[in-house]
A.B. asks: 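This is the structure I have questions about; it appears just below.
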Amino acid sequence: MSSSLRFDRGHTDDLMAFLMASPSPYHAVATAAARLEKAGFRQVEETAAWDGTAGGKYVLRGGAIVAWYVPEGAAAHTPFRIVGAHTDSPNLRVKPLPDTGAYGWRQVAVEIYGGTLLNTWLDRDLGLAGRISLRDGTHRLVNIDRPLLRVPQLAVHLDRSANPDGLKLDRQKHMQPIWGLGDVEEGDLIRFVAEEAGVDAEDVTGWDLMPHAVEPPAYLGRDRELLAGPRMDNLLSVHAATAALGAVAGQPDEELPYIPVMAAFDHEENGSQSDTGADGPLLGTVLERSVFARGGTYEDRARAFAGTVCLSSDTGHAIHPNYAERHDPTHHPVANGGPILKTNVNMRYATDGSGRAVFAAACQKAGVPWQTFVSNNSMPCGTTIGPITAARHGIQTVDIGVAILSMHSARELCGADDPYLLANALTAFLAG
């Protein structure tokens, strides 16, 4: 995109703040919820009875959030417009018995979560974040956002083959970060985390903790036209969906023919099969309860779902200048070229021709350029929550996103204008 067409970077600045505030899925949904609260939304508990009143509402469950806005006078059979995304990113996760080490080094035992690029976690200053579970059944968010851990790479003098033959990492032996010197003490890490959280270590009965890179997001390049940062797959979409839902909720109710919804799930990076994943019942349950709370019947539910469309928004691959042969020869998504429509005839993406038309109409309404992505036939195609959402709930789903480089790295790269373009397209879609 030429400099004359560059957009206001306020949205991208805000995305950078969102990324920094969201080092774990639990932080991401808390950050999104706080923003929705400012836009007038209120939390509803799944264990409580729901009413059919108009306005913005949201449900939190672990690392997932589903939020929706009911316009005044909406019928029980009013269709939904949904933006789906996910809150998790490939990374390292702390094991149940975290204290380990050898030869005078204190280390933290970690598992590999999702398809992370292991080498990108080497020699990087890491903090620690997530949630701890307390004896009384409550949870406490933890964010130690300072250099605490490091996965040290072996010096080239001790591995002369690393450069000519490529680095080879064993997921068990080579990825355990160090965090100090001395003898290994059982319970040491959790005592430290509890102290940081301001709770008694004896009250901590469970934890979901993960290292994160503490280097903040940054504009990159001579003209600052690129954005480098962590967890853009897929907090970029969560941020855009939150902004879009808040914007649509501020429009006059009579201008909203649909009920706009944001659904940000956990565990997409390892298959979505959990109570907070897209392959679980959370979204369908929320939508059904919304219909029934407004006095609807099963017939109303069926009518609403039949007219519903979901945009599954996730990052996709920009063409890589050093590996162009890995991409389709006629489809070359570029940074700052606008959001991408992702297609695959084997339904690894849920897009079909009808869905393409819905997305094209939203982009035209928003004045946003868009691109198309398809995989090289000789390369396996990734997937998203899109096909899962379509199959599980029987609703039309379209896969879209923003084109990035370094996907699944500890630090990814996109065009600095694309997050704003995506948010505008999502706003137009949700508004109908």
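Values below: every heavy atom of this structure, side chains too, minus hydrogens, waters and symmetry copies. A quick note: this is a predicted structure, and the numbers were derived from the prediction, not measured.
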A.B. asks: Can you tell which of Val204, Val199, Thr205, Asp200 makes a side chain to side chain contact (heavy atoms under 4.5 Å, CB included) with Glu202?
C.D. replies: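 It is Asp200; the other options fail the test.
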A.B. asks: Could you tell me whether Glu186 and Arg191 make a salt bridge, using a distance below 4.0 angstrom between a side-chain N and a carboxylate O?
C.D. replies: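 Looking at Arg191 together with Glu186, the answer is no, because their closest N to O distance does not fall below 4.0 Å.
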A.B. asks: Relative to the ring of Phe373, is the ring of His317 parallel (under 30°), tilted (30 to 60°) or perpendicular (over 60°)?
C.D. replies: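 Judged by the thresholds at 30° and 60°, the geometry between His317 and Phe373 is tilted.
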A.B. asks: Do Asn424 and Thr427 pass the side-chain hydrogen bond (donor to acceptor under 3.5 Å, both in side chains) test, and can you show the C-alpha distance, the side-chain angles, and the key distance before you say yes or no?
C.D. replies: CA-CA 5 Å; Asn424 277 272; Thr427 302; 5.8 Å; no
A.B. asks: Before we go on, tell me: are the rings of Trp68 and Phe80 under 6.0 Å apart, centre to centre?
C.D. replies: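 No: the rings miss the under 6.0 Å criterion.
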A.B. asks: Assess the residue pair Ser274 and His267 against the criterion (side-chain hydrogen bond (donor to acceptor under 3.5 Å, both in side chains)); give the C-alpha distance rounded to whole Å, side-chain angles, the decisive distance to 0.1 Å, and a yes or no.
C.D. replies: CA-CA 7 Å; Ser274 72; His267 302 127; 2.6 Å; yes
A.B. asks: Show the numbers, then the answer: is there a side-chain hydrogen bond (donor to acceptor under 3.5 Å, both in side chains) between Asn91 and Ser89?
C.D. replies: CA-CA 6 Å; Asn91 61 6; Ser89 301; over 6 Å; no
A.B. asks: Can you list the steps and then say if Leu122 with Leu169 is a side-chain contact (heavy atoms from CB on, under 4.5 Å)?
C.D. replies: CA-CA 10 Å; Leu122 302 179; Leu169 295 171; 4.0 Å; yes
A.B. asks: Could you walk me through whether His212 and Asp145 pass side-chain hydrogen bond (donor to acceptor under 3.5 Å, both in side chains), step by step?
C.D. replies: CA-CA 8 Å; His212 67 277; Asp145 194 31; 3.0 Å; yes
A.B. asks: Report yes or no: is the cationic atom of Arg294 (NZ for Lys, CZ for Arg) under 6.0 Å from the centre of the six-membered ring of Phe292, at an angle within 45° of the ring normal?
C.D. replies: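 No cation-pi geometry.
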A.B. asks: I need the Arg140 CZ to Asp203 CG distance, nearest 0.5 Å.
C.D. replies: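 Here the rounded value is 9.5 Å.
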A.B. asks: Under the side-chain contact (heavy atoms from CB on, under 4.5 Å) criterion, do Asn336 and Val334 qualify, and how do the steps go?
C.D. replies: CA-CA 6 Å; Asn336 287 337; Val334 296; over 6 Å; no
A.B. asks: Take Tyr219 and Leu226, measure what side-chain contact (heavy atoms from CB on, under 4.5 Å) needs, and give me the verdict at the end.
C.D. replies: CA-CA 6 Å; Tyr219 288 108; Leu226 300 171; over 6 Å; no
A.B. asks: Asp208 and salt bridge (charged side-chain N to carboxylate O under 4.0 Å, His left out): which single residue from Arg93, Lys95, Arg131 fits?
C.D. replies: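 When salt bridge (charged side-chain N to carboxylate O under 4.0 Å, His left out) is applied between Asp208 and each of Arg93, Lys95, Arg131, only Arg131 qualifies.
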A.B. asks: So does Arg356 have more than 12 non-hydrogen atoms from other groups sitting under 6.0 Å from CZ?
C.D. replies: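 Open: at most 12 neighbouring heavy atoms sit under 6.0 Å from CZ of Arg356.
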A.B. asks: Assess the pair His239 and His11: is the distance between their ring centroids shorter than 6.0 Å?
C.D. replies: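 Centroid distance His239-His11: below 6.0 Å, so yes.
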A.B. asks: Just checking, any donor-acceptor pair under 3.5 angstrom between side chains of Glu37 and Tyr58?
C.D. replies: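 Distance-only check passes for Glu37 and Tyr58.
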A.B. asks: Out of curiosity, Leu134 CG to His139 NE2, how far, rounded to the nearest 0.5 Å?
C.D. replies: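 Answer for the CG-NE2 pair, Leu134 versus His139, is 8.5 Å.
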A.B. asks: When rounded to the nearest 0.5 angstrom, what distance separates CD1 in Ile400 from CG in Leu422?
C.D. replies: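 Here the interatomic distance stands at 5.5 Å.
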A.B. asks: How about Leu158: does its CG atom have over 12 heavy atoms from other parts shown lying under 6.0 Å from it?
C.D. replies: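 Correct, the count exceeds 12.
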A.B. asks: Apply side-chain contact (heavy atoms from CB on, under 4.5 Å) to the pair Tyr349 and Val374, showing each step before the final yes or no.
C.D. replies: CA-CA 10 Å; Tyr349 301 128; Val374 64; over 6 Å; no
A.B. asks: How far does OG1 of Thr116 sit from CG of Leu92, to the nearest 0.5 angstrom?
C.D. replies: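 So the gap between those two atoms works out to 6.5 Å.
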A.B. asks: Working to the nearest 0.5 angstrom, can you tell me the gap between Ile65 CD1 and Thr87 OG1?
C.D. replies: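 So the CD1 of Ile65 and the OG1 of Thr87 are separated by 10.0 Å.
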A.B. asks: Hey, what do you get for CG (Leu19) to CG (Leu235), rounding to the nearest 0.5 Å?
C.D. replies: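 Leu19 CG to Leu235 CG: 6.0 Å, rounded to 0.5 Å.
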A.B. asks: Flag yes if more than 12 heavy atoms outside Glu196 fall under 6.0 Å of its CD atom; otherwise flag no.
C.D. replies: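 Correct, the count exceeds 12.
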A.B. asks: Do Arg9 and Asp417 meet the salt-bridge criterion of a basic N to acidic O distance under 4.0 Å?
C.D. replies: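 So Asp417 pairs with Arg9 through a salt bridge.
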